Amino acid sequence: MKNKKTANEIGGERSLAPGQTRSFCRAASTAAPVSSAVSSPVTTRFTQAVKTIADIEALERLPYESLVPARNLHHLFEATARLHPDRPALTVLTRGSRVSGDVTLTHRQLLAEITRAANLFRSHGIGASDGTLAFLCPILPQLFPALLGAQVAGVASSINYLLNEDAIADLLEAQNATVLVVASEAADPAIWAKATSVAKRVPSLRTIFVIGANGPLPGGFLSFDQAAGARDTLDFEPSADRDTVCALFHTGGTTGRPKLVRLAHGNQIHAAWSFAQVHGLDEWDAAVNGFPLFHVGGTITVGLSILAAGGHVIIPSPYSLRSPDAIRDYWHTVERFGATIVSGVPTSIAALAEVPIGSSDISSVRMALTGGAVAPKAVSERFQARTGITLFETYGMTETAAAIAFNPGRGTPVQGSVGFRAPFAQTKIVALDDAELRTECPPLTSGLVLVRGPQVFPGYLDPRHNEGVLTADHWIVTGDIGYLTTDQRLVLTGREKDLIVRSGHNIDPAAIEDVANAFPGVQMSSAVGMPDAYAGEVPILFVVPSPGKSIDLPQLREHLERGVHEPPARPKRVVLLEALPVTAVGKIFKPTLRDLAVQEKARSEIDRIFGPETAAEILVEKDARLNTLVHISIDSRDQDRVNALTESLTPLPQTYRITTRSS
C-alpha cells in the first residue's frame, strides 16, 4: 500500500499530468468561503479503525455533536474546502479514460460551484416556497455540484432518465416541481426530446435550465452555465435544522403511482459519516463511482461519503458503468487515478471480473464495494480470484440513505454477511408471525429486519405509503429477512417485501401487474422475483385467466413489452395459473409465488439442459433458519447433464439438492 501522510498534514497534492484535466469553475478566491458554523472544521473521515462491533460501541460512547458537527450539507463541504482546498474532489470522465476532456474540481472549487448553484436556485424560488427542483440529466460535470447546491437551497430530486415520458411527468407532478434541470440536446438528444415534451405537460414547471447549452434555446429554457453567477458565498442562510428535508428519491415509482422518499440533511450526513467510520474513509481515498446519481448508491454510498471525508470521487462516464467503454477501460482508470476503492452493483462486479487487468497497476485498491442486491457467491468468488481485490458487501435502502450495515473496510469482511450496523443506529430481528413486531429473535434465528437511527427517513412524500413501513417509534420495517450472528453481523436470508431487485434496480411489482391486468382475458396477475445468477433476480409474472376466457401468451408478452415502462421490469417468464395463492382474508400470498418462481427457474434449466420432455419433481421448502432448499428428482442417468444442471444452479442463493431416478 502507498505511504500515507498523517491526519494533521494537509495539502501536498498528487499532481495531474499537463492537459489531463480541466475545470469548468470560474476564477476562485484564494481562500474557500467558510461560515462560522465550521470555524473549527471537522470532516467525516474515520475516527478509529472499525474491525469489530466493539469499535462501533466505542464510537457511540463519544459525544455525537463532537463527531458530527455539520448541521446541513453545505457545512460538510465548507469543512473539506478549509482542510483540503487543493486536493481533487470530483472528476468526471466525459469521454472515457483514454480521451482528453476530463473535468476535475478541487474541494475548494467544489464548494464554490455548490454555492453558486444554491444561490441560483434560491433566486428562482427553490426553498422559498413549496416547489421543488428536479434533474433529468446524465452525469455531466456540472450535475453533482448542482444537485448538492439544489439541496442546500431547498428540495431536489434526480430522476431516472431511462423512464418514459409518462413516468417522468407523473414524478414531476407528484413532487410539485417548479424548476427542471436537463441535459442539452447536444449532450443527450434522447433526454432532450423527453424534456421538451414533458415540459408541456407539467403545469407547475416555471423554469427549465439547460446544462451544456451552446446555442439558442426554446422559450422558457435558460442556460444553466450562463445563469450561475460568480458569487461563491451564500446569499441566504441555509437551514441549520438537520431534520429539514432536502432530497426526494423515487423508488418503485410507476405511472400514476409515484413513490417518493424524503431524505433530510441529517439523514444524509449521518449516512456519509457512518460509511466513513466503518469503511475507514479519509482524504487519501479515491473511489471510482459506478452508480448513477438518481440512486443513493451514487449520491451517498460512493458519493457524499467519499467527498465529505475529503476524498476524491471519479465518475467513469456520464452514464456510469452503462457505458461499454467505461467497463473496457475500468482498470486503466483505476491505475490512472490511483483509486483505492472500486464499486458497482453485483452485475457490474460480474462484468468487471471479465475485463482483463493486463498491464494496469491496481495495487492502490484496498476494497471493492457492492450493494443494491445480494452479490451471488459465484460472482464474489470469481471477482476476488481474478482481481485479487477483497469484495465488501453493504446493505441499505433508499429510505435509510443507503446505510444499514457495512462490512468493516479496515477489518475482515465475512462472505454472506452484510456486516455491522451503522454507529448510533439499531438493528433488531423480530418474529415473522408477530404482527405487532414485538417478539425479538435470538442470535442465529431468522426474522424480519427492523432498523432505527439518524439515517432513517422521515417518511414518504405521500404519507399513505408509510403504512407498514414506519412504526410509531420510527423503526423502519425493511421487508428483508435475516439474522444476527453472535458478534452482531447481519446475514440476509430472504425478503418478505414484494419489491423485485434486479441488478440493484428496484422494481415495483405493480408496474407489471397493472399492465397485465388490463389485458383482455386476465382476471388477476402477480409478479415476483425469479432467481437469476447474473441479476440476482428477474421478474416473473403469474397470470390467472378470467372464467371461460383463454389468454394468448405471445400477445400478452407483446402487450407487456409496450406497457411496462422500464425494460428491466419486463417479465422474463409468464406463467398461467388456475388461481393465485391467497391468505385467509383473500390477500395474495407471495411467499408461495416465490417458491413457484424457484420451481420455474429450476424447470427452465432442466428444459435447457435435458430438454422439455424430461420429467422431474421439484420440491421447495425452508430449513430451520428459513433458508430455501430445493429438492430435484430427475428422470435421467446422464451424469454429465446432471453435473451441468448442478453447475447452473449453484450460483443461485437457494440450496439445490439433485437426485436421479429411472423413468
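Starting from 1, each residue takes its place in the sequence as its number. Just so it is clear, the structure is predicted and the values come from calculations on it, not from any experiment.
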Asker: Applying side-chain hydrogen bond (donor to acceptor under 3.5 Å, both in side chains) to Q277 and T47, what does each step give before you reach the verdict?
Answerer: CA-CA 7 Å; Q277 302 313 302; T47 304; 3.2 Å; yes

Asker: Can D285 and T340 be counted as having a side-chain donor-acceptor contact under 3.5 angstrom?
Answerer: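 Side chains of D285 and T340: pair found under 3.5 Å.
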
Asker: Identify all side-chain donor-acceptor contacts of residues 292-301 below 3.5 Å with residues at least two apart in sequence or on another chain.
Answerer:
{"unit_1": "H295", "atom_1": "ND1", "unit_2": "G297", "atom_2": "N", "d": "2.7"}
{"unit_1": "T299", "atom_1": "OG1", "unit_2": "H295", "atom_2": "O", "d": "3.4"}

Asker: Do you know the tightest heavy-atom contact between S417 and G419?
Answerer: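 Scanning both residues, the minimum pair turns out to be OG-N, 3.0 Å.
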
Asker: Evaluate the salt bridge (Lys or Arg N to Asp or Glu O under 4.0 Å) criterion for residues E65 and R242: first the C-alpha distance (whole Å), next the side-chain angles of each, then the deciding distance (0.1 Å), finally the verdict.
Answerer: CA-CA 12 Å; E65 294 296 330; R242 290 196 187 109; 3.0 Å; yes

Asker: By side chain to side chain donor-acceptor pair (under 3.5 Å), which residues pair with Q48, not counting sequence neighbours?
Answerer: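 For Q48, no residue satisfies side chain to side chain donor-acceptor pair (under 3.5 Å) once neighbours in sequence are set aside.
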
Asker: Do L120 and F224 touch side chain to side chain, with heavy atoms closer than 4.5 Å?
Answerer: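 L120 vs F224: side chains touch.
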
Asker: Please round to the nearest 0.5 Å and tell me the distance separating atom CG of L76 and atom OG1 of T43.
Answerer: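 Nearest 0.5 Å value for the CG-OG1 distance: 9.5 Å.
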
Asker: Would you name the heavy atoms of S380 and L391 that are closest together and state the gap between them?
Answerer: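 Looking at all heavy atoms of both residues, the closest pair is OG-CD2, 3.5 Å.
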
Asker: Let me confirm one number: the CZ-CZ distance from F420 to R489, rounded to the nearest 0.5 Å.
Answerer: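 These two atoms lie 3.5 Å from each other.
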
Asker: About how many Å separate CG of N407 and CE of M367, when rounded to the nearest 0.5 Å?
Answerer: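 Spacing of CE (M367) from CG (N407) equals 8.0 Å.
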
Asker: Taking all atoms of both residues into account, what is the closest heavy-atom pair of I357 and R386, and its distance?
Answerer: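 For I357 and R386, the tightest heavy-atom pair comes out as CD1-O, 3.7 Å.
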
Asker: Donor-acceptor pair, R122 side chain versus A153 backbone, under 3.5 Å?
Answerer: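 Between the backbone of A153 and the side chain of R122 there is a qualifying donor-acceptor contact (under 3.5 Å).
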
Asker: Can you check side chain to side chain contact (heavy atoms under 4.5 Å, CB included) on D361 and R336, steps first, answer last?
Answerer: CA-CA 9 Å; D361 179 3; R336 180 180 162 195; over 6 Å; no

Asker: Going by heavy atoms in the side chains, are I139 and S320 under 4.5 Å from each other?
Answerer: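 Result yes, sub-4.5 Å side-chain heavy-atom pair found.
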
Asker: Are S305 and H279 close enough that a side-chain donor and a side-chain acceptor fall under 3.5 Å?
Answerer: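 Not at all, the side chains of S305 and H279 share no donor-acceptor pair under 3.5 Å.
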
Asker: Answer yes or no: is there a donor N or O on one side and an acceptor on the other, between the side chain of W331 and the main chain of V355, under 3.5 Å?
Answerer: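 Here the side-chain-to-backbone pair exists.
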
Asker: F144 vs V92, test: side chain to side chain contact (heavy atoms under 4.5 Å, CB included). Steps then yes/no.
Answerer: CA-CA 10 Å; F144 210 164; V92 178; over 6 Å; no

Asker: Determine whether a donor-acceptor pair (N or O, by modelled atom type, separation under 3.5 Å) exists between the side chain of R116 and the backbone of A228.
Answerer: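 No, because the side chain of R116 does not come within donor-acceptor range (under 3.5 Å) of the backbone of A228.
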
Asker: Please list, chain by chain and in numerical order, all residues satisfying side chain to side chain contact (heavy atoms under 4.5 Å, CB included) with A150, sequence neighbours excluded.
Answerer: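 Applying side chain to side chain contact (heavy atoms under 4.5 Å, CB included) to A150 gives F121, L133, F135, A156.
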
Asker: Taking atom types as modelled and ignoring hydrogens, do the side chains of S323 and D325 form a donor-acceptor contact shorter than 3.5 angstrom?
Answerer: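 No - no donor-acceptor pair under 3.5 Å links their side chains.
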
Asker: Is a side-chain N or O of S317 found less than 3.5 angstrom from the main chain of G96, in a donor-acceptor match?
Answerer: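 No: the side chain of S317 does not pair with the backbone of G96.
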
Asker: Assess the residue pair R87 and E283 against the criterion (side chain to side chain contact (heavy atoms under 4.5 Å, CB included)); give the C-alpha distance rounded to whole Å, side-chain angles, the decisive distance to 0.1 Å, and a yes or no.
Answerer: CA-CA 8 Å; R87 287 192 64 80; E283 64 273 19; 4.3 Å; yes

Asker: Decide yes or no for I211 and V182: does some side-chain heavy atom of the first lie under 4.5 Å from some side-chain heavy atom of the second?
Answerer: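 Not in contact.
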
Asker: Kindly indicate whether the side chain of L90, heavy atoms from C-beta on, has any atom under 4.5 Å from the side chain of V103.
Answerer: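 Side chain of L90 against side chain of V103, heavy atoms only: no contact under 4.5 Å found.
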
Asker: Look at the side chain of R262 and the backbone N and O of G459, then say whether any donor-acceptor pair between them is shorter than 3.5 Å.
Answerer: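 Pair found, side chain donor or acceptor close to backbone of G459.
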
Asker: How about L369 and T394: do any of their side-chain heavy atoms sit closer than 4.5 Å?
Answerer: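 In short, these two side chains touch, coming nearer than 4.5 Å.
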
Asker: Could you give the side-chain donor-acceptor pairs of residues 266-274 under 3.5 Å, partners two or more places apart or in another chain?
Answerer:
{"unit_1": "N267", "atom_1": "OD1", "unit_2": "A264", "atom_2": "N", "d": "2.8"}
{"unit_1": "N267", "atom_1": "ND2", "unit_2": "P454", "atom_2": "O", "d": "2.9"}
{"unit_1": "N267", "atom_1": "ND2", "unit_2": "V456", "atom_2": "O", "d": "3.1"}
{"unit_1": "Q268", "atom_1": "NE2", "unit_2": "Q151", "atom_2": "OE1", "d": "2.8"}
{"unit_1": "H270", "atom_1": "ND1", "unit_2": "Y64", "atom_2": "OH", "d": "2.8"}
{"unit_1": "H270", "atom_1": "NE2", "unit_2": "S274", "atom_2": "OG", "d": "3.3"}
{"unit_1": "H270", "atom_1": "NE2", "unit_2": "P423", "atom_2": "O", "d": "2.9"}
{"unit_1": "S274", "atom_1": "OG", "unit_2": "H270", "atom_2": "O", "d": "2.8"}

Asker: Any non-hydrogen side-chain atom of S343 less than 4.5 Å from a side-chain atom of T370?
Answerer: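 They are not in side-chain contact.
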
Asker: State which residues pass ring-ring contact (aromatic ring centres under 6.0 Å, His included) with F457; sequence neighbours excluded, sorted by chain then number.
Answerer: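 Partners of F457 under the ring-ring contact (aromatic ring centres under 6.0 Å, His included) test: Y460.
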
Asker: Do E113 side-chain atoms and L110 backbone N/O form a donor-acceptor pair below 3.5 Å?
Answerer: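 Answer holds: no.
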
Asker: Below 4.5 Å, heavy atoms only, C-beta onward: do H312 and F337 meet side chain to side chain?
Answerer: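 The answer is yes; the side chains approach within 4.5 Å.
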
Asker: Considering only heavy atoms from C-beta outward, does the side chain of T333 approach that of I314 to under 4.5 Å?
Answerer: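 Answer yes - side chains close enough.
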
Asker: Does a donor on one side chain and an acceptor on the other come within less than 3.5 Å for Q175 and S157?
Answerer: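 A donor-acceptor contact under 3.5 Å links the two side chains.
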
Asker: Considering all heavy atoms of both residues, which atom of A286 and which atom of G338 are nearest to each other, and what is their separation?
Answerer: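 Nearest pair, atom of A286 first, then G338: CB-O, 4.2 Å.
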
Asker: With sequence neighbours excluded, tell me which residues meet side chain to side chain donor-acceptor pair (under 3.5 Å) with N119.
Answerer: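 Checked N119 against side chain to side chain donor-acceptor pair (under 3.5 Å); zero matches.
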
Asker: Walk me through it: do T478 and Y395 pass the test side chain to side chain contact (heavy atoms under 4.5 Å, CB included)?
Answerer: CA-CA 11 Å; T478 67; Y395 167 53; 3.4 Å; yes

Asker: Is it the case that the side chains of S239 and D241 hold a donor-acceptor pair, with the cut-off being a distance below 3.5 Å and no angle test?
Answerer: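 Judged by distance alone, the side chains do not pair up.
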
Asker: Who pairs with D235 by side chain to side chain donor-acceptor pair (under 3.5 Å), at least two apart in sequence or on another chain?
Answerer: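 If we apply the side chain to side chain donor-acceptor pair (under 3.5 Å) test to D235, skipping adjacent residues, the hits are R231.
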
Asker: Pair up each side-chain donor or acceptor in residues 49-56 with any protein partner under 3.5 Å, not counting sequence neighbours, and list the distances.
Answerer:
{"unit_1": "T52", "atom_1": "OG1", "unit_2": "A54", "atom_2": "N", "d": "3.2"}
{"unit_1": "D55", "atom_1": "OD2", "unit_2": "K51", "atom_2": "N", "d": "2.8"}
{"unit_1": "D55", "atom_1": "OD2", "unit_2": "T52", "atom_2": "N", "d": "3.0"}

Asker: Taking side chain to side chain donor-acceptor pair (under 3.5 Å) as the definition, give me every residue that meets it alongside R95, ordered by chain and number, with sequence neighbours left out.
Answerer: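 With neighbours one apart ignored, the set is empty.
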
Asker: Determine yes or no for a side-chain-to-main-chain donor-acceptor pair under 3.5 angstrom, with H75 supplying the side chain and R71 the backbone.
Answerer: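 The answer is yes, because a donor-acceptor pair under 3.5 Å joins these two groups.
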
Asker: Apply salt bridge (Lys or Arg N to Asp or Glu O under 4.0 Å) to E60 and list each qualifying residue two or more places apart in sequence or on a separate chain.
Answerer: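 Partners of E60 under the salt bridge (Lys or Arg N to Asp or Glu O under 4.0 Å) test: R421.
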
Asker: Any sub-3.5 Å donor-acceptor pair from T80's side-chain atoms to A308's backbone N or O?
Answerer: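 Side chain of T80 to backbone of A308, a donor-acceptor pair under 3.5 Å: no, none is there.
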
Asker: Do we see a donor-acceptor contact under 3.5 Å between the side chains of H332 and S360?
Answerer: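 Checked: H332/S360 side chains show no N/O donor-acceptor pair below 3.5 Å.
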
Asker: Distance check, rounded to the nearest 0.5 Å: I315 atom CD1 versus T94 atom OG1?
Answerer: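 Reported to 0.5 Å precision, the distance equals 12.5 Å.
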
Asker: Locate the shortest heavy-atom distance separating L307 from A89; write the atom from each residue and the value.
Answerer: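 L307 and A89 have their closest heavy atoms at CD2-O, 3.1 Å.
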
Asker: Tell me every residue that passes side chain to side chain contact (heavy atoms under 4.5 Å, CB included) with L162, counting only those two or more places apart in sequence or in another chain.
Answerer: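 N160, R322.
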
Asker: Provide the full list of salt bridge (Lys or Arg N to Asp or Glu O under 4.0 Å) pairs with a residue in residues 148-159, sequence neighbours left out, each pair given once.
Answerer: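 Pairs touching residues 148-159 that pass the test: none.
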
Asker: Can you name the closest pair of heavy atoms from V288 and A339 and give their distance?
Answerer: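 Taking V288 first and A339 second, the nearest heavy atoms are CG2-CB, 3.9 Å.
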
